[in-house]
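Heavy atoms only: backbone and side chains are in, while hydrogens, waters and symmetry mates are out. Chain naming here is simple, since letters A, B, ... match the order of the sequence lines and numbering starts at 1 in each.
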2 protein chains.
Amino acid sequence: MTKYKVVLQYVGTRYSGWQIQKNQHTIQGNLKSALHQLTGEEISVVGAGRTDSGVHAMEQVAHLRLSEEMATEKLFRGLNGILPWDIRVMSIDPAPQDFHAQKDALKKRYEYRIYTGPVLPPFLHGHVHHMTRPLNASDMQRAAEQLCRSHDFRGFAAASTRVKSTVRTVFLSQIQEQECHLTYQIEGDGFLHHMVRNIVGTLLEVGVGKRAPDDICKILDSKDRRLAGPTAPAHGLYLMHVWY
Amino acid sequence: MTKYKVVLQYVGTRYSGWQIQKNQHTIQGNLKSALHQLTGEEISVVGAGRTDSGVHAMEQVAHLRLSEEMATEKLFRGLNGILPWDIRVMSIDPAPQDFHAQKDALKKRYEYRIYTGPVLPPFLHGHVHHMTRPLNASDMQRAAEQLCRSHDFRGFAAASTRVKSTVRTVFLSQIQEQECHLTYQIEGDGFLHHMVRNIVGTLLEVGVGKRAPDDICKILDSKDRRLAGPTAPAHGLYLMHVWY
């Protein structure tokens with residue numbers, strides 16, 4: 001058995017997210033089927049993070065195991081030859097037998113992209129969230145900063161979240177603005193379901209003046225999903241990097 | 001009658017180019033039909049350049065005339081509300097009665113984008129020409145420079161070209177390379193049909209070593225389309241700017 005670490009980039013638009021689901025087009029499902037075509041084997045692929053339907057990845061990491069060693073160059077070319085254009089293997093390397101793409105991830109970075117100009121440039125369609133209301137970036141930054149360090153993020157998790165602990169550590173949470181491009185970056189040791197999009201939905205309410213920057217603390221303290229803002233649309237979100 | 005100058009941006013992928021053709025989706029056709037919906041009138045739209053099928057525009061300029069004045073803000077919102085997402089009106093302003101988007105254009109800039117890395121990042125799909133063979137950018141630059149100044153460009157025009165004069169003046173013709181992104185920029189007072197793509201097809205043959213940089217002069221002198229390289233694919237080409 002040989003283990004491989006795969007780095008993927010994908011445009012999430014056409015997919016029902018990372019994870020295999022019955023009768024749905026998924027990233028994991030496409031990889032599994034490409035590997036089957038290439039090797040004849042049923043091979044499972046484990047990803048660092050389960051991106052939701054419509055969410056993009058600049059750098060998703062996955063591991064897989066083949067029963068027989070195959071040259072990485074052959075796997076690389078083979079997979080990219082079979083996979084659809086919007087899922088690309090950017091690199092593939094042999095990995096230690098105990099490497100686990102999800103459990104060994106120390107930190108992940110997500111980025112949420114917002115375009116604030118009056119007309120969405122067509123080349124950005126589906127790749128940014130378009131907001132035509134003016135956003136107060138410094139208020140958003142004051143709110144974003146309050147998410148750093150360890151907190152119980154239950155208030156920002158999907159109501160259906162069922163995990164042992166909802167405590168996560170956020171290392172970076174910042175707003176950047178350059179002309180009409182407003183970007184939110186967050187790095188953490190783990191993310192709950194919908195956590196980034198619920199944070200962004202709340203930050204956007206801060207940005208339009210609908211709520212105060214200090215609301216973030218209140219939502220964290222309350223652990224009540226109903227106090228946070230709506231879930232921001234998937235197509236602005238990117239999984240950017242995974243650290244091991 | 002009131003005249004307007006419209007600046008458009010479009011992703012050319014889904015269209016059979018700028019110019020109205022029977023039973024084809026075109027940029028001009030979509031604009032005309034959006035104007036009809038908005039005003040009830042049959043309004044003709046004249047563009048600065050007739051981009052080919054699949055060619056993009058970061059900035060196409062057009063003029064149109066309405067029988068009754070309409071507030072530019074209303075036209076702007078109305079058109080963007082009706083037009084499909086991949087054709088956007090970026091600005092619309094009243095223009096002098098004698099303004100002509102095509103005849104008054106002093107200079108245009110086109111850009112051709114090439115990606116040279118082994119795997120095409122999926123976000124660039126349809127927006128760059130992917131070349132996996134290594135390109136010698138300095139040879140391409142030496143070739144590109146020879147196109148500057150006034151020349152008879154018949155050798156680089158589509159064989160079917162029927163115009164009075166095939167002499168054009170090129171002010172800028174340069175290759176830029178940044179990591180895997182190779183870009184060709186050309187500015188001129190006018191362009192013949194397929195001229196930029198035929199130039200790029202020839203420059204790419206120079207880049208892979210299939211021909212010498214000096215071939216450009218030979219093709220210009222010969223005025224023979226058969227001596228130039230193939231027409232580069234449309235999806236790498238952008239109309240970038242029109243000067244008046």
Is A:Ile87 close to A:Gln9 at the side-chain level, that is, under 4.5 Å between some pair of heavy atoms? no
To the nearest 0.5 Å, what is the distance between CD on A:Gln141 and CG on A:Asn136? 11.5 Å
For chain B, which residues of residues 173-194 of chain A have heavy atoms nearer than 4.5 angstrom: none
So if I take each residue of residues 45-62 of chain B and look for any heavy atom under 4.5 Å from a heavy atom in chain A, which residues do I end up with? B:His56, B:Ala57, B:Met58
At under 4.5 Å between heavy atoms, what parts of residues 10-23 of chain A are in contact with chain B? List them by residue number. A:Tyr10, A:Val11
Measuring from atom CG of A:Leu64 to atom CG of A:Leu75, what distance do you get when rounded to the nearest 0.5 angstrom? 7.0 Å
Which is it for B:Leu147 and B:Ile199 under the side-chain contact (heavy atoms from CB on, under 4.5 Å) test, yes or no, and what are the steps along the way? CA-CA 9 Å; B:Leu147 295 162; B:Ile199 287 172; 3.4 Å; yes
Apply the test side-chain contact (heavy atoms from CB on, under 4.5 Å) to residues B:Ile92 and B:Val7: give CA-CA distance (whole Å), side-chain angles for both, the deciding distance (0.1 Å), then the verdict. CA-CA 6 Å; B:Ile92 183 158; B:Val7 176; over 6 Å; no
After noting the C-alpha distance and the side-chain angles of B:Arg109 and B:Val242, does the key distance pass the side-chain contact (heavy atoms from CB on, under 4.5 Å) rule? CA-CA 7 Å; B:Arg109 172 191 282 222; B:Val242 187; over 6 Å; no
Test applied, side chain to side chain contact (heavy atoms under 4.5 Å, CB included); reference residue, A:Met1; option that passes from A:Arg65, A:Glu68, A:Glu69: A:Arg65
Ring centroid separation B:Phe99 to B:Tyr4 under 6.0 Å: no
Which pair of non-hydrogen atoms, one from B:Gly201 and one from B:Ala232, has the smallest distance, and what is that distance? N-CB, 3.9 Å
Ring-face cation of B:Arg197 near B:Tyr112 (centre distance under 6.0 Å, axis angle within 45°): no
Toward chain A: residues of residues 114-130 of chain B with heavy atoms under 4.5 Å: B:Val119, B:Leu120, B:Pro121, B:Pro122, B:Phe123, B:His125, B:His127
Output for pair (A:Asp139 CG, A:Glu205 CD), nearest 0.5 Å, gives 13.5 Å
What do the steps show when you test B:Val200 against B:Thr231 for side-chain contact (heavy atoms from CB on, under 4.5 Å), and what is the final call? CA-CA 7 Å; B:Val200 172; B:Thr231 309; over 6 Å; no
Of all heavy-atom pairs between B:Met90 and B:Leu8, which one has the smallest distance, and what is that distance? CG-C, 4.3 Å
Nearest 0.5 Å, what's the OG1-CD1 distance between B:Thr39 and B:Ile43? 3.5 Å
Would the number of heavy atoms belonging to other residues, nucleotides or ligands and lying under 6.0 Å from NE2 of A:His25 be above 12? no
Just how far is it from atom NZ of A:Lys32 to atom CD of A:Gln37, taken to the nearest 0.5 Å? 13.5 Å
